[in-house]
Amino acid sequence: MAEKQKKQVEEITSMEDDFAQWYTDVVKKAELVEYTSVKGCMVIRPYGYAIWENIQRILDGMFKATGHENVYMPLFIPESLLEKEKDHVEGFAPEVAWVTHGGKEPLEERLCVRPTSETLFCEHYAHIVQSHRDLPKLYNQWVSVVRWEKTTRPFLRTREFLWQEGHTCHATAEEAWQETRQMLDIYARFCEESLAIPVIKGPKTESDKFAGAVSTLAIEALMHDGKALQAGTSHYFGDGFAKAFGIQYSNKENTLTYPHQTSWGVTTRLIGAIIMAHGDDNGLVLPPAVAPIQVVVVPIASHKPGVLEAARELAGRIGAFARVKIDESDNSPGWKFAQYEMQGVPLRLEYGPRDIEQGQCVLVRRDNGEKTTVPLAELEATIPAQLQALHDSLLQKAKDNRERHTYRCASLEEIKQALRENGDGFVYAMWCGEEACEDGVKEATGVGSRCIPFDQEQIADTCVFCGKPSQHMVCWAVAY
RNA sequence: CGGGACGUGGCGAAGUUUGGUAUCGCGCCUGCUUUGGGAGCAGGAUGCCGCUGGUUCGAAUCCAGUCGUCCCGACCA
C-alpha cells in the first residue's frame, strides 16, 4: 500500500477497513460504472469507457504492428458448432446463455451467445484455408462476450464483458508457439509500459488450462490486497481444434496437413487491475497512458476578470501535447480538487490571479500529492516529464509492493507462516507436477497455483507438499 | 449454486420489533454573496418505501414469491 497520505475524500471506505467495499466505492464514485437491473451487466460510463478506449487504441496498435488484422464474427453460435471440440464445450457449457426463440417461434436449433469465439473462427478457417499460401491467418476482434457467472463484480467478473480475442492459424507448431509467446510478451509489455502494472509470465498448470488448449500462458498481477489477478492469457492449441473442425491445407509437398492455432485475450478486467494496483484511499490513481484526462486545469477565483480567459489559454497550450480538461463549473476549487483526485487524474494545475501575475501555475501530482510551482515558460517540458515520472513511480511502487509480498517458501509451514505474518501475496514454492499436490497445497494453505513462472528459482529440491523431487517452482496465490 | 446481510427522493440513512399524515443529512433548482482543500444565506422541487401477490378498514412496517446489491464459500477473464 502507498505511504500514508492524508485521506481527503470521505465518501470512500478506506482500503484497510474493507477492501471489497473500497473497490465498489471507487468504481461508483469515480463514475466508471453504474449498475443496471440485470445482474452482472453494468453500464460503463463515459469516464470508464474512455479508459477502455485508450487501452484498445494502444493494444490495437501493437497488434497491427505485429501483422494482425481485425475482423468481426457473429454473436451467435449454433449448439452443434459449439459441441465439435469436446473439452472446449465441457469447459464452457456451464456458463453459456442460450437463445431459444425467434419472436414467438421456437428455434430448430438453439443458439449460444458467444462465451468466446474459437468455434466460429475455426468454422471460418475451414472455409478459407486451402493452401500453405493462405497461412498464417492473424485475426483479432474487439467484441463483448457473455458468460453466465454466478457471482459478479464490476470489471472483475461481469456476465457480459468487453474484450479482444486474437485467433491465429499457422502452418507449423513452431510458428504457432512463437505467436503464443509473442502475444503474451505484448500483454506483459503493455501492462508495464501503459498500465504501470508488473506481471509474472508463465504457463498455467494442466488443471488450470483453457478448455481445449494444449498450453495456456498467463500474466498474473498482484493487487493491493495481496490477491492475484489474471490480467491476460495466450493459448497454444496445437492442431486439436483443426482436427475437430476439419481445417486442412495442402503443404508444399502437396499433402493435406492440419494447421496449428492460438488464441489470446485481455478484457475490461484490466480496468479492475488498474484500480486495485494503483488506487488509494482518495480513489482512483490512473496511469497517464490510459487516463482519459491527463491534466486538469482548475481556475481559481475564476469570476475575476481575465482569469478564465488566461486559464483557457493555458489549457489550450497543454492540449497540444496532453489530454487536458479545464473545469469551468462553479463548484468550489476544493470540491474540484477532491473530485479529480477521486477520478485519478494524474496531474492538476491550479491557476489563479496570483499565478497569472507571476507567470506560473501550481502543479499537483495525484500519486504523492506533491505540489510544485511551474513557470509558464517551462510547461511544455515539465508536464510530459511529470507524467513520465508519475508512471515510473507507479510502476516502481507496484514492483516494491509485489516484492514485499512475495514469499519464497520451502514447506507448507513456511507458507502458512508467511501468509499469517505478512498477509496475502505471491508464494513461490516447489511442486512435483502432481495434481493431487496442487490441490493439497490449496487445501492446506488457501493459495492456489497461478502459473509456473518462466523466471524459475530453485527454492528447494522437493515438492512442498509430498516431498518428492520437484519439477517446477510455482507461483501460488489467492486469486480473483 | 450454498450460508449471511441489505434494498426507503440522485446519494447516505432513520422509521419496520408493536400496521395509522413519509422523516433527516448531503446533493439538485433559483437568487445573492463566495472561490488557493468538498463555501454561506434565503427560497424551492423531487417518493408506486426494489418488484409481484396475499393478510387487513388501513401495509414502508406482517406473510409468500421474485429481482438486485454486498460479504463468506464453490465456479470463473
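Throughout, a chain's letter reflects where its sequence line sits, starting with A, and its residues are numbered from 1.
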Asker: Would the base of B/rG37 count as contacting A/Arg348 through its side chain, where contact means a donor and an acceptor less than 3.5 Å apart?
Answerer: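 In this structure, the two groups form a donor-acceptor pair.
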Asker: Between the protein and nucleotides 12-14 of chain B, list every N/O to N/O distance that falls short of 3.5 Å.
Answerer:
none

Asker: Within the 4.5 Å heavy-atom criterion, are A/Glu85 and A/Glu118 side-chain neighbours or not?
Answerer: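 No - every pair of side-chain heavy atoms lies 4.5 Å or more apart.
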Asker: Think A/Ser332 has a side-chain N or O under 4.0 angstrom from the OP1 or OP2 of B/rA39?
Answerer: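 The answer is yes; a side-chain N or O of A/Ser332 sits under 4.0 Å from OP1 or OP2.
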Asker: Reckon A/Lys39 has a side-chain N or O less than 4.0 Å from the OP1 or OP2 of B/rU69?
Answerer: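 The answer is yes; a side-chain N or O of A/Lys39 sits under 4.0 Å from OP1 or OP2.
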Asker: Look at the side chain of A/Arg366 and the backbone N and O of A/Leu284, then say whether any donor-acceptor pair between them is shorter than 3.5 Å.
Answerer: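 Yes, the answer is positive, given that a donor and an acceptor are paired below the 3.5 Å cut-off.
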Asker: Measure the distance from CD on A/Glu31 to C1' on B/rG10 and round it to the nearest whole Å.
Answerer: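 My rounded result for the distance is 12 Å.
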Asker: Which part of the nucleic acid does A/Gly91 contact within heavy-atom distance under 4.0 Å: base, sugar-phosphate only, or nothing?
Answerer: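 The residue A/Gly91 makes no contact with any strand.
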Asker: What do you reckon, do A/Trp335 and the base of B/rG37 stack, with centroid distance below 5.5 Å and planes below 30°?
Answerer: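 It does not: the ring fails the test against the base of B/rG37.
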Asker: Just to be sure I understand the rule, does A/Arg153 reach a base, reach only the sugar-phosphate, or reach nothing, if contact means heavy atoms closer than 4.0 Å?
Answerer: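 The answer is sugar-phosphate, as A/Arg153 gets under 4.0 Å only of primed atoms, P, OP1 or OP2.
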Asker: Verify whether the ring centers belonging to A/Trp52 and A/Phe155 lie closer than 6.0 Å.
Answerer: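 No, too far apart.
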Asker: Answer with base, sugar-phosphate or nothing: what part of the nucleic acid does A/Val362 contact at a heavy-atom distance below 4.0 Å?
Answerer: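 Base, at least one base heavy atom under 4.0 Å.
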Asker: Determine the interatomic distance between C1' on B/rG19 and the same-named atom on B/rC62; round to the nearest Å.
Answerer: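 So the two C1' atoms sit 8 Å from each other.
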Asker: Taking the six-membered ring of A/Phe337, is NZ or CZ of A/Arg348 closer than 6.0 Å to its centre and within 45° of its axis?
Answerer: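 Here A/Arg348 passes the 6.0 Å and 45° test against A/Phe337.
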Asker: Can you check the distance between B/rG58 and B/rG38, where both ends of the measurement are the C1' atom (answer in whole Å)?
Answerer: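 B/rG58 and B/rG38 have their C1' atoms separated by 45 Å.
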Asker: With a cut-off of less than 4.0 Å, is there a side-chain N or O of A/Tyr35 near OP1 or OP2 of B/rC70?
Answerer: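 A/Tyr35 to B/rC70 OP1/OP2: side-chain N or O found under 4.0 Å.
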Asker: A/Lys150 near the nucleic acid: base, sugar-phosphate alone, or nothing, with a heavy-atom cut-off under 4.0 Å?
Answerer: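 It contacts base atoms.
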Asker: Counting any heavy atom closer than 4.0 Å, what does A/Pro115 reach on the DNA or RNA strands: base, sugar-phosphate only, or nothing?
Answerer: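 No contact.
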Asker: Could you measure the distance from the NE2 atom of A/His167 to the NZ atom of A/Lys137? Nearest 0.5 Å is fine.
Answerer: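 Answer rounded to 0.5 Å: 15.5 Å.
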Asker: Is A/Lys64 salt-bridged to A/Asp60, cutoff N-O under 4.0 Å?
Answerer: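 Between A/Asp60 and A/Lys64 there is a salt bridge, with a charged N closer than 4.0 Å to a carboxylate O.
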Asker: Quick check: any donor-acceptor pair below 3.5 Å linking the side-chain of A/Asp355 to the base of B/rG36?
Answerer: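 Indeed, a donor on one side and an acceptor on the other fall under 3.5 Å apart.
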Asker: Hey, is the main chain of A/Cys169 close enough, under 3.5 Å, to the side chain of A/Tyr125 for a donor-acceptor pair?
Answerer: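 Absent.
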Asker: Is there a donor on the side chain of A/Thr268 or the base of B/rA77 sitting less than 3.5 Å from an acceptor on the other?
Answerer: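 No, the side chain and the base share no sub-3.5 Å donor-acceptor pair.
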